[in-house]
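The block underneath contains the structure these notes are about, expressed in structure tokens.
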Amino acid sequence: MDDPLPPLFRDAHILHAKQALARLPGCLVEVDASRMLIIFYCVGIFDLLGVLEQQTNEMDRKSWQNWIWEQHTVGEYGTGFKPGPFMSRTLSHWDQESPHLIMTYGALMSLAILRDDFSRLNRAGLQHFVGSCQNHNGSFSSMPNGGGESDLRNLYCAFCICALLGDWSSIDVERAIAFVALCRTYEGGYGQLPGCEAQGGTTYLAIAALHLAPPGPRPRLTPADRARSEHWLVHNQDASGGFRGRTGKAPDTCYCFWGGAALQILGAQDKIDAYAFTQFIAGSQFPFGGISKAAGQLPDPYHTYLSLAAASLYTPRLPSSVKGYGWEFAPFDPLLNAREETVRWARSFIPAQRGRQMV
């Protein structure tokens with residue numbers, strides 16, 4: 001074994017999430033327009049570390065739930081969640097009040113982490129909203145009727161929402177799958193749009209979406225396509241153990257999740273060096289809390305959450321000698337990007353015909 005694995009700075013990462021929930025630092029002020037996702041990353045950090053109830057009180061958890069529901073909007077195109085209460089001179093009033101597909105996914109997962117009972121969820125309206133975001137070419141826009149950006153991020157979120165609802169009737173699944181195929185590159189990865197360069201994040205989104213989709217008339221991935229994707233992903237692991245997002249680029253902790261989770265979904269997780277993978281994440285920890293994109297950089301909730309999620313996927317493959325260093329996590333679902341226990345809650349309470357208790 002090479003260098004010893006540094007301990008996971010659990011307490012410091014908990015503090016990082018608490019601070020981000022209270023007030024973002026000036027260097028992150030531009031992400032205020034995506035405040036819903038900041039909530040998701042922060043409560044997700046608590047969830048991954050298994051400390052939500054110990055490190056937060058019931059009043060705070062209830063206030064976060066209420067804040068999320070305050071972003072729930074109802075309109076002509078159904079119901080969903082907007083990014084937050086921010087104002088912008090570049091957006092029309094309709095844009096500011098319109099639900100956003102990515103933020104709706106983040107809201108649903110955050111509420112599941114906070115163990116909301118989803119009694120306030122308008123399921124029919126949510127289905128209508130997701131359907132109104134699908135474009136003629138099968139892709140999805142972030143807002144209804146072609147509003148906002150259209151790319152694989154939105155398609156993945158639409159598929160997650162349909163999977164959680166247990167109902168795919170509001171969208172044209174096969175047309176969406178055809179759009180995913182158009183985003184595939186000669187390398188085996190997927191670009192954000194047809195003709196774009198393959199990236200680790202969009203490759204994860206494509207592979208996860210294909211596996212979330214209900215069975216179709218033909219396999220979602222041919223054996224040859226699967227092998228090519230595995231090859232491209234495996235060869236994006238850098239000598240440092242980290243993953244590159246694009247061919248020839250520097251490794252980044254967020255791509256440890258995107259690449260590592262995609263390989264998990266494909267069942268090829270044994271093809272990479274899990275110890276070096278975790279070493280790269282460990283070396284990117286900020287001493288006072290949070291995990292950055294790489295060693296020496298400033299941390300943020302996005303990279304912290306995805307780094308912990310990536311580490312949780314590969315914990316079972318670490319040698320027993322690292323036990324006691326804090327790198328133990330509960331099982332994680334790479335398809336919906338949350339702890340398995342949280343996904344079970346979401347699947348139990350979000351569908352219209354939900355179970356009476358969590359499975």
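- By the ring-ring contact (aromatic ring centres under 6.0 Å, His included) test, Phe159 pairs with Trp168, sequence neighbours left out.
- Without hydrogens or angle criteria, Arg10 side chain to Gly326 main chain gives a donor-acceptor distance under 3.5 Å.
- Taken to the nearest 0.5 Å, the NZ atom of Lys249 stands 11.5 Å off from the CZ atom of Arg244.
- Residues Phe277 and Val234 share a single hydrophobic cluster, defined by chaining ILVMFWY side chains whose heavy atoms lie under 4.5 Å apart.
- Within 6.0 Å of CG in Asp11 there are 12 or fewer heavy atoms belonging to other residues, nucleotides or ligands.
- No hydrogens or angles considered: a donor-acceptor pair under 3.5 Å links the side chains of Tyr156 and Tyr204.
- For residues 125-150, no residue pair satisfies the ring-ring contact (aromatic ring centres under 6.0 Å, His included) rule, not counting sequence neighbours.
- Using modelled atom types, one finds a donor on one side chain and an acceptor on the other under 3.5 Å when comparing Glu187 with Thr247.
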Show me the side-chain donor-acceptor pairs of residues 255-265 shorter than 3.5 Å, one per line, residues at least two apart or across chains.
residue : atom : partner : partner atom : Å
Trp258  : NE1  : Tyr302  : OH           : 3.4
Gln264  : NE2  : Leu313  : O            : 2.9

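- Remark: His211 pairs with no residue by the ring-ring contact (aromatic ring centres under 6.0 Å, His included) rule, at least two apart or across chains.
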Met36 and Lys82: CA distance, side-chain angles, deciding distance, side-chain contact (heavy atoms from CB on, under 4.5 Å) verdict: CA-CA 8 Å; Met36 186 66 75; Lys82 59 183 182 177; over 6 Å; no
Just do the side chain to side chain donor-acceptor pair (under 3.5 Å) check on Thr342 and Arg115 with the steps written out, would you? CA-CA 8 Å; Thr342 293; Arg115 302 300 188 257; 3.2 Å; yes
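- Looking at Tyr105, its side chain does come within 3.5 Å of a backbone N or O of Leu336 through a donor-acceptor pair.
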Apply side-chain contact (heavy atoms from CB on, under 4.5 Å) to residues Arg226 and Leu266 and explain how you reach the verdict. CA-CA 7 Å; Arg226 179 183 293 270; Leu266 292 171; 3.4 Å; yes
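- Counting only residues at least two apart or in different chains, salt bridge (charged side-chain N to carboxylate O under 4.0 Å, His left out) contacts with residues 174-186 comprise Asp172-Arg175, Glu174-Arg220, Arg184-Asp225.
- The ring-ring contact (aromatic ring centres under 6.0 Å, His included) test applied to Trp69 returns His72, Phe81, not counting sequence neighbours.
- Side-chain atoms of Thr315 come within 3.5 Å of backbone N or O of Trp327 as a donor-acceptor pair.
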Leu306/Thr253 under side-chain contact (heavy atoms from CB on, under 4.5 Å): CA gap, chis, key distance, verdict: CA-CA 7 Å; Leu306 289 179; Thr253 53; over 6 Å; no
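- For Glu58, the CD atom sits in a loose shell: 12 or fewer heavy atoms of surrounding residues, nucleotides or ligands are nearer than 6.0 Å.
- Side-chain contact between Cys162 and Ile171 is present, with heavy atoms from C-beta onward closer than 4.5 Å.
- The distance from atom CG of Asp47 to atom CZ of Arg339, rounded to the nearest 0.5 Å, is 4.0 Å.
- The two residues Thr202 and Tyr190 come nearest to each other via the heavy atoms OG1-O, 2.7 Å.
- Here the shortest heavy-atom pairing between Ala311 and Ile281 reads N-CD1, 4.1 Å.
- Between Pro301 and His16, some side-chain heavy-atom pair lies under the 4.5 Å cut-off.
- In plain terms, the two heavy atoms of Arg246 and Ala198 that are nearest each other are CG-O, 3.6 Å.
- Partners of Trp64 according to the ring-ring contact (aromatic ring centres under 6.0 Å, His included) rule, which considers only residues two or more places apart in sequence or in another chain, do not exist here.
- For the salt bridge (charged side-chain N to carboxylate O under 4.0 Å, His left out) test, no residue two or more places apart in sequence or in another chain qualifies with Arg61.
- Looking at Arg317, its side chain does come within 3.5 Å of a backbone N or O of Gln269 through a donor-acceptor pair.
- Remark: side-chain polar atoms of Tyr275 are paired, donor with acceptor, to backbone N or O of Leu5 under 3.5 angstrom.
- In the hydrophobic clustering of this structure, Leu165 groups with Phe349; members are Ile, Leu, Val, Met, Phe, Trp, Tyr whose side-chain heavy atoms approach within less than 4.5 Å, directly or through other members.
- Side-chain contact between Pro85 and Arg35 is present, with heavy atoms from C-beta onward closer than 4.5 Å.
- Checking side-chain atoms of Thr79 against main-chain N and O of Leu126 turns up a donor-acceptor pair under 3.5 Å.
- Interatomic distance, Phe118 CZ to Trp345 CH2, rounded to the nearest 0.5 Å: 9.0 Å.
- Heavy-atom minimum distance, Phe280 versus Gly241: CB-C, 4.0 Å.
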Using atom types as modelled, flag every donor-acceptor pair under 3.5 Å from a side chain in residues 287-294 to any protein atom, sequence neighbours excluded.
residue : atom : partner : partner atom : Å
Ser292  : OG   : Ser284  : O            : 3.1
Ser292  : OG   : Ala294  : O            : 2.7
Ser292  : OG   : Gln297  : O            : 3.3

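- For residues 260-274, the set of pairs meeting the salt bridge (charged side-chain N to carboxylate O under 4.0 Å, His left out) definition, not counting sequence neighbours, comprises Glu230-Lys271.
- For the residue pair Gly191 and Leu152, the shortest heavy atom distance occurs at O-CD1, 3.2 Å.
- Using a 4.5 Å heavy-atom threshold, the side chains of Ser312 and Leu308 count as separate.
- In the hydrophobic cluster analysis, where Ile, Leu, Val, Met, Phe, Trp and Tyr join through side-chain heavy atoms closer than 4.5 angstrom, Phe9 is grouped apart from Leu48.
- In terms of modelled atom types and a separation under 3.5 Å, the side chain of Arg123 and the main chain of Ile350 share a donor-acceptor contact.
- Using modelled atom types, one side-chain atom of Thr304 and one backbone atom of Asp300 make a donor-acceptor pair closer than 3.5 Å.
- Proximity of a side-chain donor or acceptor of Ser132 to a complementary backbone N or O of Pro144 within less than 3.5 Å is not detected.
- The salt bridge (charged side-chain N to carboxylate O under 4.0 Å, His left out) test applied to Arg120 returns Asp116, not counting sequence neighbours.
- If you take CD1 on Ile45 and CG on Leu15, they are separated by 11.0 Å, rounding to the nearest 0.5 Å.
- Atom OG1 of Thr104 sits about 11.0 Å away from atom CD of Gln71, to the nearest 0.5 Å.
- Partners of Glu70 by side-chain hydrogen bond (donor to acceptor under 3.5 Å, both in side chains), not counting sequence neighbours: none found.
- Between the side chains of Ser141 and Asn135, at least one donor N or O lies within less than 3.5 Å of an accepting N or O.
- Of all heavy-atom pairs spanning Ala163 and Leu212, the tightest one is CB-CD2, 4.1 Å.
- Counting only distance, with no hydrogens or angles, the side chain of Gln127 and the backbone of Ala124 share no donor-acceptor pair below 3.5 Å.
- Going from atom CD of Gln65 over to atom CD1 of Ile113 covers 11.5 Å, rounded to the nearest 0.5 Å.
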For Leu182 and Asn137, run side-chain contact (heavy atoms from CB on, under 4.5 Å): C-alpha distance rounded to whole Å, both residues' side-chain angles, the deciding distance at 0.1 Å, then the answer. CA-CA 10 Å; Leu182 291 175; Asn137 65 355; over 6 Å; no
